[in-house]
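Below is one structure, written out as structure tokens, with a few remarks after it.
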Amino acid sequence: MTRRLIGYIVIGIITIFVQKFVDNFASINLVSPQLIILFVVYIALREGQLFGMGGGFVVGIMHDLLVTHFLGFTSFVSVIAGFVAGFFYKESDVELTARNFNFAWISVITLLASEFAALPIIASGELNFFYVFLKFTLGTTVYTSVFAMIIVFINGNKSRYV
Amino acid sequence: MLKWVSEFFSFAKNYIIFALLLSLSFFLISTNNNIHTRGLQTIGLVTTSYLEDGISQIASYFSLSSKNKELQQENAGLIDMAAKIRRALTENDQLRSMLRLRNESATPLTPANVVGRTSEDGRYFITLDAGENNGVHIGDPVVSGSGLVGTVFAVSGNFCLVRSLLDNDSRIAARLVNASADGIIVPGELGNLEMKNVSRRYGVNKGDLIETSTLSSLVPPGIIVGVVTDAIDETGNIFKHIDVQPAVDLSSISTAFVMQYSRPKEATELETKTAGSKK
């Protein structure tokens, strides 16, 4: 477990810096893929809801501290992501859930839930709530899903679709 | 009771922790403007700024090639623009001096553009877009704002061919202004002119001005031809060797005037009569 934990910490730190890079270079009209959420979904599917929420909170705080400089926001979204993704955790079939095509649609559901929950914070001061929903909630979900699919294809387990 | 609490906690621990973590996140969000949180944010900012600097340097290294290409293209554009500006300045200078000449000249002037140049085997002709329709005749002198260019050699309806001073067959009577000595201007070496038939007894200095002579039957007197660049007394020669730099840069001239000049009829008739009576 300790080795796995160290592995998660390393991957988490890398994800934060890749997220920073992606925010700078792959952002489309302020919408960027949420790789941190994908990471949280992954650990929640591998280790369970509690671990997903805890890990999401820690990685979110670090991301806020080092990248967004708006403390609490990413941790809030990541905790929700860990909570939602944790419902799909299957102790008996960890590898299958975390690595196959399920990962993509679980990510989509998690992203929709977490980004929707963050909508009041994102849309604060914005009169056109529906526009913010379309742009940030749906936009971020779709954009991040593309990256989720890439991860699935890289893992090469498409045929094990359940 | 304790058992019930313990069971409840083991059943609802995920929800309780979820609520706790959410509350903590909300608390952090609400303290973003707090002075203590600002300190924390500053630490994060300083930490990432070093990293960002490193990343931007790496990114800039990879974009150097395309940046270099862009700069090369921009440089080519600027060179082209500089050439255009230089050409425009030269043309502006020429036009200004021509305007001055036009205002001062007593002889009617026909403006024309240089449309062609021929320089081959000692021939140096310039084609102008003014011809018989504009009142141009064979033998008319051609000038620019800086001085004499040559004389009209051939003429068609709308164009004329000018024999420049650098042409091998060009001979123009000229006068050294300071020395008051007359001579003949012929083409020299390397795009320069030479003044012949000036006696060694005249004092000629570098920089002396040369203009067309009153003795010339082709061009009116007083038009600048060039300046002396060198004057040598050669052994065994009664004449000086005088190198002249032409007043007009024939390689860059773009506009010129054709002078509708004809020598006073009386003088020509008198000279013809005198020559006839001698025979």
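Residue numbers start from 1 in every chain, and the chains themselves are labelled A, B, ... in the order their sequence lines are given, proteins ahead of strands. This one's a predicted model, so the numbers in the text were calculated from it and none came from an experiment.
Heavy atoms closer than 4.5 Å to chain B are found in both the backbone and the side chain of A:I80.
The ring pair (Phe, Tyr, Trp, His ring centres under 6.0 Å) test applied to A:F76 returns B:F26, not counting sequence neighbours.
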For residues 73-84 of chain B, dump all side-chain donor-acceptor pairs below 3.5 Å to protein atoms at least two apart in sequence or in another chain.
residue: B:D80; atom: OD2; partner: B:K84; partner atom: NZ; Å: 3.4

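Interatomic distance, A:S75 OG to B:L21 CG, rounded to the nearest 0.5 Å: 8.5 Å. We find the CD1-CE distance between B:I17 and A:M53 to be 6.0 Å, quoted to the nearest 0.5 Å. Atoms CG and CG, on A:D64 and B:L28 in that order, are 8.0 Å from each other to the nearest 0.5 Å. Taking CG of A:L71 as the start and OG of B:S25 as the end, the distance is 10.0 Å to the nearest 0.5 Å.
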>> Show, in sequence, the C-alpha distance, side-chain angles and deciding distance for B:I29 and A:I121, and conclude whether the side chain to side chain contact (heavy atoms under 4.5 Å, CB included) test is met.
In response: CA-CA 9 Å; B:I29 289 171; A:I121 303 169; 3.8 Å; yes
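Below 30°, between 30° and 60°, or above 60°: for A:F83 and B:Y15 the angle between ring planes is above 60°, a perpendicular geometry.
Side chains of A:V79 and B:L24 form no contact here, defined as non-hydrogen atoms less than 4.5 Å apart.
For A:F116, the CZ atom counts as loosely surrounded, since its 6.0 Å shell holds 12 or fewer non-hydrogen atoms of other residues, nucleotides or ligands. Within a 6.0 Å radius of CD in B:E194, other residues, nucleotides and ligands contribute more than 12 heavy atoms.
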